[in-house]
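Please read the structure below before turning to the comments.
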Number of protein chains: 2
Amino acid sequence: MITKLGARIRELRTKKKMLLRQLASQLDVDTSIISKVERGDRQLKKEQIPLLAQILKADVEELQTLWLADQLYNMLQGEPMAGEALKLVTKQIKKTK
Amino acid sequence: MITKLGARIRELRTKKKMLLRQLASQLDVDTSIISKVERGDRQLKKEQIPLLAQILKADVEELQTLWLADQLYNMLQGEPMAGEALKLVTKQIKKTK
DNA sequence: TATTGTCTTGACAAATAGCGGCAAATATAA
DNA sequence: TTATATTTGCCGCTATTTGTCAAGACAATA
């Protein structure tokens, strides 16, 4: 599975020469979880994003956006009507704002 | 909660002078489920859409699109970064196609 | 007002999906 | 090889979802 957030995390983490283990322990989860997150086997919980951003000294909103995009992509993956649904929702969201 | 699919179902069902009970029994669920679906308290399962379309003699793809849009809207509801995430995913989906 | 039929609501149970941990397997480096 | 880092599969627990049931609200009619 493709994951924008996972790719970004790995980018930030390696740039900081941080080990999976170190990021994991600060986030208070097992190392394997982070490995899976970076490779797109797992999704982080929404509530973990702020702490993650803090640890990586990254912009919270950027990571939250990527997280959301991953959720959406997940839901649309393989759906023939994905494009149509996106159009509808985009219109709907804009109206609400 | 707002629901595009629920509104459409009610529209189609009442136009056919069908009772909740009748639609429910054909879909093989309790009447209360349909009531909740139409009012946006519940979501149908994706797998139920084709049968639903058949019962209501509606276009499957239309109902699937509305169902998907409801899921997306649900996910984006109250998310500050909703707009940004939508943009990202729309781009991503187009590329994949 | 009582009755009947439809729809709605809330409490509960069963089924399902998702998260996290562990441990074994694999990769990378020294 | 040895040591360290990462990946992978599986399992248990929890949270969420789905459905049923029964009671309540509502509307039309006698």
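Note on naming: letters A, B, ... go to the chains in the order of the sequence lines (proteins, then strands), and numbering restarts at 1 for each one. Nothing here was measured: the structure is a model prediction, and the numbers come from that model. Both backbone and side-chain heavy atoms feed into the values below; hydrogens, waters and symmetry mates do not.
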Side-chain touch Gln92(A)/Leu76(B), heavy atoms, less than 4.5 angstrom: no
Cluster check Leu19(A), Ile9(A): I/L/V/M/F/W/Y, side chain < 4.5 angstrom: no
Side chain of Lys36(A) - closest among dT6(D), dG9(D), dT9(C): dG9(D)
Atom-to-atom span, CD of Gln22(B) to C1' of dT6(C) - whole angstrom: 11 Å
Phosphate-side-chain proximity, Arg42(B) and dT18(D), N/O vs OP1/OP2 below 4.0 Å: no
Integer-rounded Å distance: dC7(C) P and Glu38(B) CD: 8 Å
Whole-Å distance separating the CG atom of Leu19(A) from the P atom of dA5(D): 5 Å
Residue Ser32(B), side-chain atoms from C-beta onward, closest of dG21(C), dA22(D), dA5(D): dA22(D)
Val29(B), nearest nucleotide to its side chain (from dT9(C), dG21(C), dG19(D)): dG19(D)
Phosphate OP1/OP2 of dT9(C): any Arg39(B) side-chain N/O under 4.0 Å: yes
Single-linkage hydrophobic cluster, 4.5 Å side-chain cutoff, Val60(A) and Trp67(A) together: no
Where Met75(A) and Gln71(B) come nearest, the two heavy atoms and their spacing: SD-CB, 3.3 Å
Spacing of Leu56(A) atom CG and Lys15(A) atom NZ [to the nearest 0.5 Å]: 12.0 Å
Interface residues of residues 11-18 of chain A with DNA chain C (non-hydrogen, below 4.0 angstrom): none
N or O in side chain of Arg21(A) less than 4.0 angstrom from dT4(D) OP1/OP2: no
Contact nearer the 5' end of DNA chain C, comparing Ile33(B) with Thr31(A): Ile33(B)
Touch class at under 4.0 angstrom, heavy-atom based, for Glu47(A) against every strand present: nothing
